[in-house]
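See structure below.
Heavy atoms only: backbone and side chains are in, while hydrogens, waters and symmetry mates are out.
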Amino acid sequence: NGNRFLIEARYGEINTNDINVLNLVEVNGIIYLFNKPPINISSDFAKYNKINFETIFYTNVNINYEENSIKSDNFQISINKNLASINGNIVYNNSEVVSYADNIKFNLLNENVIINMFDKEDNIKINRK
């Protein structure tokens with residue numbers, strides 16, 4: 001569909017539990033969606049499945065999209081399913097708000113977003129600037 005995914009790392013090793021998975025260190029990725037601005041991702045580590053291209057970025061995850069910045073514990077992308085999820089200590093920041101949540105799921109094609117907390121007793125926090 002004209003979408004591309006580029007991933008680079010300082011180095012990688014074959015996962016001893018699954019030869020189709022690469023364990024990556026010091027990782028940068030860019031998602032190029034057709035007719036949309038790129039999404040830049042960086043993390044200390046990632047697991048990349050070379051068969052289905054599923055990638056899990058973890059530890060010091062930073063995501064930048066246009067004027068939006070997201071920091072989290074994990075970012076998982078499934079290119080084949082056009083789905084992504086961000087979870088764990090999410091801080092979403094742009095020129096208007098700073099928000100805090102536990103989980104964000106979104107569809108890469110139609111941009112539908114679901115934001116929630118793991119503990120149903122907690123609330124999503126949104127602070128206007």
Side-chain angles (χ1 to χ4, degrees):
N1 295 333
N3 299 326
R4 294 181 300 138
F5 179 47
L6 171 70
I7 188 165
E8 297 177 331
R10 188 163 74 83
Y11 69 90
E13 299 172 339
I14 294 174
N15 185 305
T16 56
N17 297 324
D18 185 346
I19 62 168
N20 294 317
V21 173
L22 297 174
N23 296 327
L24 305 175
V25 176
E26 294 181 21
V27 187
N28 291 298
I30 304 175
I31 302 168
Y32 296 99
L33 298 174
F34 185 71
N35 286 333
K36 300 196 189 286
I39 300 168
N40 295 287
I41 308 129
S42 65
S43 66
D44 291 350
F45 306 101
K47 291 183 186 273
Y48 172 75
N49 186 307
K50 60 186 180 179
I51 301 299
N52 63 16
F53 311 116
E54 281 200 20
T55 307
I56 302 170
F57 295 84
Y58 60 97
T59 309
N60 295 319
V61 177
N62 291 290
I63 304 162
N64 293 294
Y65 175 74
E66 293 184 316
E67 300 298 319
N68 304 294
S69 170
I70 302 170
K71 294 180 187 246
S72 72
D73 293 337
N74 301 290
F75 174 69
Q76 181 172 351
I77 183 161
S78 177
I79 295 291
N80 293 343
K81 297 176 186 172
N82 294 309
L83 298 173
S85 67
I86 306 166
N87 53 62
N89 299 307
I90 298 168
V91 179
Y92 169 84
N93 197 348
N94 68 19
S95 62
E96 298 177 13
V97 298
V98 176
S99 302
Y100 305 88
D102 287 339
N103 194 41
I104 299 174
K105 293 182 181 181
F106 59 95
N107 184 301
L108 297 170
L109 294 182
N110 64 21
E111 298 181 6
N112 285 342
V113 176
I114 298 171
I115 303 171
N116 59 27
M117 300 296 283
F118 295 134
D119 183 347
K120 301 302 178 200
E121 301 293 316
D122 284 342
N123 293 315
I124 299 165
K125 296 168 186 67
I126 300 172
N127 298 324
R128 287 197 145 319
K129 291 184 177 178

- Note on the structure: In terms of heavy-atom contacts, Asp102 and Asp119 come closest through OD2-N, 4.2 Å

- Message: Hydrogens and angles aside, do Asp44 and Asn60 bring a side-chain donor and acceptor to less than 3.5 Å of each other?
- Response: yes

- Gap separating the CD atom of Glu54 from the CG atom of Asn49, nearest 0.5 angstrom: 7.0 Å

- Task: Could you check Val27, Ile30, Asn62, Ile63 and say which one makes a side-chain contact (heavy atoms from CB on, under 4.5 Å) with Ser42?
- Result: Asn62

- Query: Should we count NZ of Lys71 as having more than 12 external heavy atoms under 6.0 Å?
  - Reply: no

- Query: CD1/Ile115 to OH/Tyr92 distance, rounded to the nearest 0.5 angstrom?
  - Reply: 8.0 Å

- Note on the structure: Separation between CG (Asn116) and CZ (Phe118), nearest 0.5 Å, reads 7.5 Å

- Query: Just checking, any donor-acceptor pair under 3.5 angstrom between side chains of Asp73 and Asn89?
  - Reply: yes

- Message: Less than 3.5 Å apart, any donor N or O on the side chain of Asn68 or Asn94 sitting next to an acceptor on the other?
- Response: yes

- Message: Restricting to non-hydrogen atoms, name the atom on Pro37 and the atom on Tyr65 that form the minimum distance, rounded to 0.1 Å.
- Response: O-CE1, 3.5 Å

- Item | Tyr58: partners by side chain to side chain donor-acceptor pair (under 3.5 Å), with sequence neighbours left out | none

- Message: How about CD on Glu67, more than 12 heavy atoms from neighbouring residues, nucleotides or ligands closer than 6.0 Å, or not?
- Response: no

- Reported OG1-to-CD1 distance for the pair Thr55 and Ile77, which is rounded to 0.5 angstrom: 7.0 Å

- Distance-only side-chain donor-acceptor flag, Asn23 / Asn15, under 3.5 Å: yes

- Query: Is Leu6 atom CG crowded by more than 12 heavy atoms from other residues, nucleotides or ligands, each under 6.0 Å away?
  - Reply: yes

- Within 6.0 Å of NZ in Lys50, more than 12 heavy atoms from elsewhere: yes

- Message: Can you classify the ring geometry of Phe75 versus Phe106 as parallel (below 30°), tilted (30 to 60°) or perpendicular (above 60°)?
- Response: parallel

- Is it possible for you to say whether Leu22 and Phe5 belong to one hydrophobic cluster, with membership spreading through side-chain heavy-atom contacts below 4.5 Å? yes

